[in-house]
Amino acid sequence: MQRNNESGNGRIRVVITAGITVAGIAAAVCLLKLLVPEKDGDAGQADARQEIVVVEIGEENEGEEWKAEDMEDGRAGTDGKGEEIESGSGIGDGTGKKEGDNHTGMPMAAEIAGMDDAEDPQEAEGMNGDRAGAQADIHAVLKGADETGEVSYGVDVAKWQGKIDWQQAADAGVEFAMIRIGYRTQKTGIIMEDPLAKYNMQQAKEAGIKLGVYFFSTAVTQEEAREEAAWVCGFIAQYPITYPVAYNCEGFQSPESRQYGMGQALRSDCAAAFLDYVQEKGYTPMFYASKNEMEGNSLWDTDRLTAKYKIWVSQYPDVPYPQTAASGYTGTHQMWQYTSQGTVPGIGKGVDMNVAYFSYSQTAEAVDDTPYEMVEADPEALLDMTEVQETVTAKIETNLRSVPSTADVSTVVGKLQNGETAVRTGISGNGWSRLEYNGQKVYAVSSYLTTDLDYHPQETVTAPDSVYQPVNEAVTAKNVTNLRSEASSAREDTIVAVLHNGETVTRTGVGNNGWSQVEYNGQTLYAISSYLTTDMGYVQTEPDTSVYTEVNESVTPKIECNLRSEPGTQNDGTVVATIKNGDVVTRTGINPNTGWSRLEYQGQVVYAVSSYLVVVE
């Protein structure tokens, strides 16, 4: 018997397993009535007494068999007698061995997936055929003072969101997080742990955010689905899982998926097998799918799943919640994922945002009270690596680090000089490269590297040393500014995050190069000093951008800089050209309000950031 009390509906749900006698049910109900006190006041009011609902679980319905001929050649199925054909599934060891249910009480093992696992069946962007959704901001959905708590707001995350500052997310109003803890690979059928699952559960819990989880399934039999559920329950046993445990299955119509060719009935049977298992272990089961997949029992046996489990629907309107008050899905559902382009402080990338039509009055206790092991985030969590295999050298000289961050000098493990080579195995979207050097995996700033092994630095180039005066102060953006992995706006791929007015970071240094060092999500990043302020009540006033101090002088970039058709970096389309040290242009004006220079270039008036230029004597 399980007791599950959700706030907002005043209901105790009692699950009675098959085979219990009528007398046993009656005794259980009487006992619970004694345990549930009436509230003060009129007992006839709708919320004055908790309702006891007894649900009897009948014999397990295995559903229709999935015969081998129902699949493409080489796909897993049954032999037509209900005996399962080996399908290469397994838990993280690559052997295809089936672990089955975990009867020992010990967590079932799985390999931790790489950030760039090509077998991950879930894509970074939505898979359900819907668009990414409208831009949405967590601040737009904060609860009003008169709300009862029956509605709650949250996010769902996986490795693609990188390292999250969960305290910032909590302070912004995130009440719950549905965290992906793992998946079964799309071809080989191996169960893998999401590389940030433990870190996300640990940090979200510490920030006071209630936890739910989801698993991305590619199960092709009910036994595989129960195997997934057993792994999930073992994995989360030491964490306080208050919100549901959800089953997520997408992409099955792709020929690349091991589920390609499965029928609707078996696919639904697998979902039910997973969800029944987690319910037996004391968790709240929930089924996730898109509006298009569920409407009219299109791709799932929606009526059967809706009758038994919570439903989490994804449907992205052109205008997000709360401006769009409800999902366009007309079926019963308890949670709505309304965009994948949410903006939440502490989460540097777009994130799925959800409204749940239920909440919990208190945090659940972990099934296993053994303290979980504290973990650190994967060092590549923010890198979004593109795999490459190429030989590089330093343009001049660059540090090689054990982690992709300049925050700690102790992470420097060596230097790469011009002419020395290393093998680059990955390039990230925020300006770092992963290298193999002397048998070590190391990291270096991408802009300091080149694949031109004959590259020789110009003798005349002397990049001035940047000196940062140490400070320790909270700053915000005057309006909006980029936070970059290096003190340069020459390349868009150095942008790690965007800071808005009202959001705060800690400034740790003010440079003589016009840049500030700031701490953001454990990284040292850079922002243009003139775009920051320590005045938390600062209101942007438009500077007179037309005022340029007239000059007539020749300038060249200190290293490299973009020339733009207008003085601003917000629009990539304004880049006219890029010039390097040694390319000489005429500067006709300097704007002290904005930090931009007006230049003449090939008969055009263009603009460049003044701090990137030096006067040619």
Side-chain angles (χ1 to χ4, degrees), residues 383 385-386 388-468 484-496 509 511-517 523-528 554-563 577-585 608-617:
L383 298 191
M385 282 285 182
T386 299
V388 298
Q389 190 75 15
E390 56 193 14
T391 303
V392 295
T393 187
K395 292 178 180 177
I396 304 175
E397 173 186 278
T398 187
N399 289 326
L400 304 177
R401 295 178 178 267
S402 57
V403 296
S405 170
T406 60
D408 186 353
V409 70
S410 68
T411 62
V412 176
V413 295
K415 290 183 182 294
L416 187 68
Q417 305 285 342
N418 178 258
E420 297 178 343
T421 61
V423 176
R424 176 157 58 189
T425 60
I427 302 176
S428 79
N430 67 350
W432 286 91
S433 286
R434 183 181 64 220
L435 309 176
E436 292 290 337
Y437 180 77
N438 288 344
Q440 288 182 275
K441 179 169 73 173
V442 294
Y443 301 90
V445 175
S446 298
S447 60
Y448 298 161
L449 303 171
T450 177
T451 55
D452 180 4
L453 303 185
D454 296 323
Y455 181 93
H456 295 291
Q458 298 181 29
E459 296 297 328
T460 57
V461 175
T462 54
D465 292 333
S466 297
V467 178
Y468 287 87
R484 296 177 179 266
S485 57
E486 58 186 65
S488 169
S489 60
R491 298 198 341 265
E492 299 302 321
D493 60 7
T494 62
I495 298 173
V496 176
N512 62 352
N513 56 357
W515 289 81
S516 288
Q517 285 180 333
Q523 300 177 90
T524 297
L525 301 179
Y526 299 86
I528 295 174
S554 296
V555 294
T556 189
K558 294 175 181 176
I559 301 176
E560 177 181 279
C561 75
N562 289 325
L563 303 181
T578 300
I579 58 174
K580 298 182 179 181
N581 179 266
D583 297 332
V584 179
V585 293
V609 176
S610 299
S611 61
Y612 296 162
L613 303 172
V614 62
V615 175
V616 177
E617 300 296 338

Got a second to check how far [X]'s [atom1] is from [Y]'s [atom2], nearest 0.5 Å?
X: Asp454; Y: Asn418; atom1: CG; atom2: CG; result: 10.0 Å
X: Ser488; Y: Glu560; atom1: OG; atom2: CD; result: 7.5 Å
X: Thr391; Y: Glu436; atom1: OG1; atom2: CD; result: 12.0 Å

Which heavy atom of [X] sits nearest to which heavy atom of [Y], and what is that distance?
X: Thr393; Y: Gln417; answer: OG1-O, 3.4 Å
X: Cys561; Y: Leu613; answer: SG-CD2, 3.8 Å
X: Lys395; Y: Tyr455; answer: O-CE2, 3.4 Å
X: Val555; Y: Val616; answer: C-CG2, 3.9 Å
X: Tyr437; Y: Val442; answer: CB-CG2, 3.9 Å
X: Pro557; Y: Asp583; answer: CD-O, 3.5 Å

As a quick check of understanding, evaluate side-chain contact (heavy atoms from CB on, under 4.5 Å) for Leu400 and Tyr443, giving each step before the final call.
CA-CA 6 Å; Leu400 304 177; Tyr443 301 90; over 6 Å; no

Over 60° means perpendicular and under 30° means parallel, so tell me whether Tyr612 and Trp515 are parallel, tilted or perpendicular.
parallel

Can you spot which of Val423, Thr421, Leu449, Thr425 makes a side-chain contact (heavy atoms from CB on, under 4.5 Å) with Leu435?
Leu449

Using side-chain hydrogen bond (donor to acceptor under 3.5 Å, both in side chains) as the criterion, point out the one residue from Ser428, Ser446, Ser447 that pairs with Ser433.
Ser446

Test item: Asn399 side-chain N/O and Val412 main-chain N/O as donor-acceptor pair under 3.5 Å:
no

Sub-3.5 Å donor-acceptor pair from the side chain of Arg424 to the main-chain atoms of Glu390, do we have one?
no

Report the C-alpha separation of Asn581 and Thr556 in whole Å, then their side-chain angles, then the decisive distance to 0.1 Å, and conclude whether the side-chain contact (heavy atoms from CB on, under 4.5 Å) test is met.
CA-CA 6 Å; Asn581 179 266; Thr556 189; 4.2 Å; yes

Test Thr398 against Lys415 for side-chain contact (heavy atoms from CB on, under 4.5 Å), laying out the working first.
CA-CA 6 Å; Thr398 187; Lys415 290 183 182 294; over 6 Å; no

Residue set satisfying salt bridge (charged side-chain N to carboxylate O under 4.0 Å, His left out) with Glu420, at least two apart, ordered chain then number -> none

